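These notes are about the structure you will find just below.
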Amino acid sequence: MQAFTKLDGLVVPLDRANVDTDAIIPKQFLKSIKRTGYGPFLFDEWRYEDVGQPEMDCTNRPIRKDFVLNQPRYQGAQIMLARENFGCGSSREHAPWAIVDYGVSCVIAPSFADIFYNNCFKNGILPVVLSDTEMDMLFAETEADEGYALSVDLAAQTVTTPSGQVFNFEVDDFRKHCLINGLDDIGLTLQQADKIKAYEATRKTDAPWLFS
Amino acid sequence: MAKTLFEKVWQQHVVSENDDGSVLLYIDRQLVHEVTSPQAFEGLRIAGRKPWRISASVATPDHNVPTTGLEHGITDPVAKTQVEALDSNCEEFGITEFKMGDIRQGIVHVVGPEQGLVLPGMTVVCGDSHTSTHGALAAIAMGIGTSEVEHVLATQTLIQKKPKVMRINVDGDLPEGITGKDVALYIIGEIGTAGGTGFAIEFAGSAIRQLSMEGRMSLCNMTIEAGARCGMVAVDDVTIDYVKGRPFSPTGEVWDKSEAAWRELHSDDDAVFDQEVHLNAADIVPQVSWGTSPEMVVSITGSTPNLNDAKDEVQREGWTRAFEYMGLKENTPMQDISVDKVFIGSCTNARIEDFRAAAAIAKGYKVAGNIKLAMVVPGSGLVKAQAEAEGLDKIFMDAGFEWRAPGCSMCLAMNADRLDAGERCASTSNRNFEGRQGAGGRTHLVSPAMAAAAAIKGHFVDIRDWKKAGE
């Protein structure tokens with residue numbers, strides 16, 4: 001997994017609440033058996049006027065010019081601002097795969113849906129939770145100032161604005177450790193294989209119906 | 001110390017605790033389908049890993065399978081590749097699979113309980129958010145992403161932080177015609193789509209105990225639509241009666257031992273919850289969603305909301321967008337809204353009881369002239385066979401409904417079953433998101449009886465006033 005340590009990046013503001021994973025990556029792209037190639041189809045229905053199909057060439061598709069991802073000033077954004085309950089709905093990990101494939105590796109929102117939040121950490125994306133007030137300020141500054149960039153530091157757990165204002169955020173120690181080091185958590189869990197085996201041995205006696 | 005139902009099951013599954021408070025949680029059962037598993041199996045192959053305990057996982061294809069013309073197989077080559085990948089992965093790793101053509105094949109969340117693969121007190125996961133369904137059997141059942149599917153395959157565990165626990169009490173008697181689906185939509189309307197974020201929910205109260213197992217599954221299924229990864233109902237006679245005699249359920253002495261253990265799976269009288277919600281069953285009337293989020297829901301006797309009633313600017317903008325997408329205006333009575341298509345199916349409502357309720361409405365009637373398509377899609381081959389044995393298929397077909405083969409179908413429209421842009425659907429599925437049932441499609445979530453009634457009348461009606469044909 002790609003590690004996440006510190007990111008200085010252009011910001012794109014997605015000013016909508018309850019953005020669901022069906023919107024992030026529509027169902028037709030879930031037929032792929034790969035983890036990559038979803039970036040051109042991120043927010044497909046909001047981004048294009050036609051209906052996208054897997055593996056199609058997106059370079060000449062008609063775009064919805066008013067959608068924020070299509071605006072010239074936000075091209076190359078690596079940080080996305082979002083509103084409450086971002087990533088709700090389907091558990092599809094294709095959503096973070098599409099976000100990271102597009103080039104965004106940090107999403108900042110007042111709240112995230114649980115499964116999506118969890119999926120981000122498995123894919124080198126840092127989801128940052130800030131307060132509504134802080135989000136309102138970041139949205140206002142991003143929209144007012146073309147080229148607006150933020151500095152996100154995972155080790156220090158801070159988001160720093162161009163004017164030097166610093167916002168702190170919370171993140172679980174274990175998730176932070178894995179993300180900073182780009183660690184595969186399966187390998188870490190398998191270090192506890194003996195404990196898992198011991199647990200199973202006990203349960204086979206106490207609850208044999210679980211092992212039929 | 002007094003414990004909640006959730007805590008009892010959770011504590012039985014903790015393998016070890018980490019310094020930051022997270023735990024390594026043992027997973028008893030993993031259900032697998034074709035959409036969220038290929039990358040997980042590929043991950044195992046790349047790392048040279050084998051599944052930890054092969055018998056813990058069971059697979060069936062559901063999202064991509066066609067529901068008609070099965071003799072031609074899957075005609076979409078991309079979908080076909082994905083279903084074939086599930087077949088070959090299961091074969092390579094030795095995982096039991098109910099393939100297309102097997103009568104046990106169907107929607108993974110219908111098949112699991114039906115086969116006795118999900119038992120009370122289990123931890124159950126699947127790469128699908130509607131895994132919450134299985135909490136109806138007092139299991140901790142959670143949807144996970146593909147990386148976690150791989151983690152469970154490789155280690156039989158998940159690294160988890162214990163969520164807070166909320167109890168939602170629905171007290172009183174359920175009024176006539178009110179189903180688990182209506183209860184689910186009503187709760188989401190009350191607490192909102194993020195109301196359960198960070199929580200596990202226990203559904204309790206006399207109205208919940210009155211629900212059948214199918215009704216409890218519809219309710220727990222939509223827990224994720226309230227933001228909670230898992231919803232649970234305590235074990236009672238309904239649970240025990242449902243589990244007994246299923247193909248993978250225990251028998252003989254092991255059954256006796258398991259039943260005794262399962263009877264303990266309820267919250268202790270003085271257990272303390274992080275949050276409690278109290279609702280009255282008598283307040284629940286048939287529900288219909290009007291917008292593009294499951295919390296945008298009203299009673300069939302009500303109307304779409306007035307923008308001035310929005311609680312804040314964010315909600316007002318959300319409602320404005322939803323009105324535009326849905327082609328609706330403020331203050332529109334729900335019973336004035338006509339539909340183009342009707343879908344009865346999905347992991348929420350494709351069990352035998354759902355079809356009995358819908359057939360009871362449809363019997364002796366014909367689908368209205370403005371309905372382009374009314375389809376009934378069973379949750380499994382066994383549900384289909386049971387419905388046919390009861391003559392329900394004939395009732396539906398006589399009325400003008402299409403009777404299809406099992407699969408997820410138009411709930412998420414990965415196969416050919418979908419809405420065209422602008423089409424409006426009465427659907428028994430679980431999500432009314434933009435584009436969910438097809439790009440530009442407009443979804444209204446309802447119970448099976450309400451969907452059947454909308455098909456007959458061509459618009460939404462209150463099934464409490466329904467007159468049987470000939471009456």
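Because only heavy atoms are used, hydrogens play no part in the values below, and waters and symmetry mates are left out as well, while side chains stay in. The chains referred to below are lettered A, B, ... by the order of the sequence lines, with proteins before strands, and numbering in each begins at 1. Being a predicted model, the structure only gives us computed values, none of them experimental.
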Would B:Thr443 and B:Gln437 count as having a side-chain donor-acceptor pair, cut-off 3.5 Å? yes
Report which part of B:Gln12 has an atom under 4.5 Å of a heavy atom belonging to chain A: side chain, backbone, both, or neither. both
Within residues 169-179 of chain A, which residues come under 4.5 Å of chain B, heavy atom to heavy atom? A:Asp172, A:Asp173, A:Phe174
Region of A:Asp206 that comes under 4.5 Å of a non-hydrogen atom in chain B: backbone
When heavy-atom pairs shorter than 4.5 Å are enumerated against chain A, which of B:Ile144, B:Val149, B:Ile224, B:Thr251 gives the highest number? B:Ile144
Any salt bridge between A:Asp101 and A:Arg35, counting N to O under 4.0 Å? no
Would B:Asn64 and B:His33 satisfy side-chain hydrogen bond (donor to acceptor under 3.5 Å, both in side chains), going step by step from the backbone distance to the final call? CA-CA 10 Å; B:Asn64 272 305; B:His33 65 82; over 6 Å; no
For the interface with chain B, which of A:Trp209, A:Phe116, A:Trp97 has the highest count of heavy-atom pairs at distances below 4.5 Å? A:Trp209
Please determine, among A:Pro208, A:Ser90, A:Ala113, the option with the most heavy-atom pairs under 4.5 Å with chain B. A:Ser90
Could you tell me whether A:Asp44 and A:Arg61 make a salt bridge, using a distance below 4.0 angstrom between a side-chain N and a carboxylate O? yes
Tell me whether A:Lys204 at atom NZ has more than 12 heavy atoms from other residues, nucleotides or ligands lying less than 6.0 Å away. yes
Can you tell me if A:Asn123 uses its side chain to pair, donor with acceptor, with the backbone of A:Ile125 under 3.5 Å? no
If you tally heavy-atom pairs under 4.5 Å between each of B:Glu225, B:Met122, B:His151 and chain A, the highest tally belongs to B:His151
Among B:Gly198, B:Gly440, B:Ala47, single out the residue with the greatest number of heavy-atom pairs under 4.5 Å to chain A. B:Gly198
Side chain, backbone, both or neither: which part of A:Glu55 has a non-hydrogen atom closer than 4.5 Å to chain B? neither
Against chain A, label B:Thr157 side chain, backbone, both or neither, depending on which of its atoms sit under 4.5 Å from a heavy atom there. side chain
Counting only non-hydrogen atoms closer than 4.5 Å, does A:Phe112 touch chain B with its backbone (N, CA, C, O), its side chain (CB onward), both, or neither? backbone
Quick check on the interface: out of A:Ala17, A:Ala207, A:Ser32, A:Pro54, who has the most heavy-atom pairs with chain B under 4.5 Å? A:Ser32
Toward chain B, the part of A:Ala193 with a non-hydrogen atom under 4.5 Å: both
Check this for me: does any side-chain nitrogen of one of A:Asp114 and B:Arg229 sit under 4.0 Å from a carboxylate oxygen of the other? no
Quick one: do the A:Ser111 and A:Glu84 side chains pair a donor with an acceptor below 3.5 Å? no
Is it the side chain or the backbone of B:Glu434 that comes within 4.5 Å of chain A heavy atoms, both, or neither? both
Is it true that A:Lys197 and A:Glu200 have a side-chain N and a carboxylate O under 4.0 angstrom from each other? no
Are side-chain N/O atoms of A:Gln157 and A:Asn168 paired as donor and acceptor at under 3.5 Å? no
Does A:Arg16 make a cation-pi contact with A:Trp46, if we ask for NZ or CZ under 6.0 Å from the ring centre and within 45° of the axis? yes
Short side-chain donor-acceptor distance under 3.5 Å, B:Ser147 and A:Glu93: yes
B:Trp52 portion near chain A, given a 4.5 angstrom heavy-atom threshold: side chain
Cut-off 4.5 Å, heavy atoms of chain A, and the answer for B:His13 is both
Can you see whether A:Ser131 engages A:Glu134 through a side-chain donor-acceptor pair at a distance of less than 3.5 angstrom? yes
Between A:Asp20 and B:Arg431, does any side-chain N to carboxylate O distance fall below 4.0 Å? no
Could you check which of B:Val314, B:Asp20, B:Val14 has the highest count of heavy-atom pairs closer than 4.5 Å to chain A? B:Asp20
Cut-off 4.5 Å, heavy atoms of chain A, and the answer for B:Ala79 is both
Quick one: what part of B:Phe41 sits under 4.5 Å from any heavy atom of chain A, side chain, backbone, both or neither? neither
Which one wins on heavy-atom pair count under 4.5 Å against chain A: B:Leu119, B:Asp19, B:Leu24, B:Asn18? B:Leu24
Cation-aromatic face contact A:Arg83/A:Phe139, 6.0 Å, 45 degrees: yes
Residue among B:Glu150, B:Met142, B:Glu34, B:Glu295 with most heavy-atom pairs under 4.5 Å to chain A: B:Glu150
Quick one: of A:Val51, A:Thr202, A:Ile196, who has the most non-hydrogen atom pairs under 4.5 Å with chain B? A:Ile196
Test: B:Glu317 and B:Arg321 ion pair at under 4.0 Å: no
With a 4.5 angstrom heavy-atom cut-off, could you sort out which part of A:Gln28 is near chain B: side chain, backbone, both or neither? neither
Side-chain contact test, heavy atoms from C-beta onward, threshold under 4.5 Å: evaluate it for A:Phe41 versus A:Cys58 and give yes or no. yes
Leading residue by heavy atom contact count with chain B [cutoff under 4.5 Å; candidates A:Asn118, A:Ile33, A:Asn18]: A:Ile33
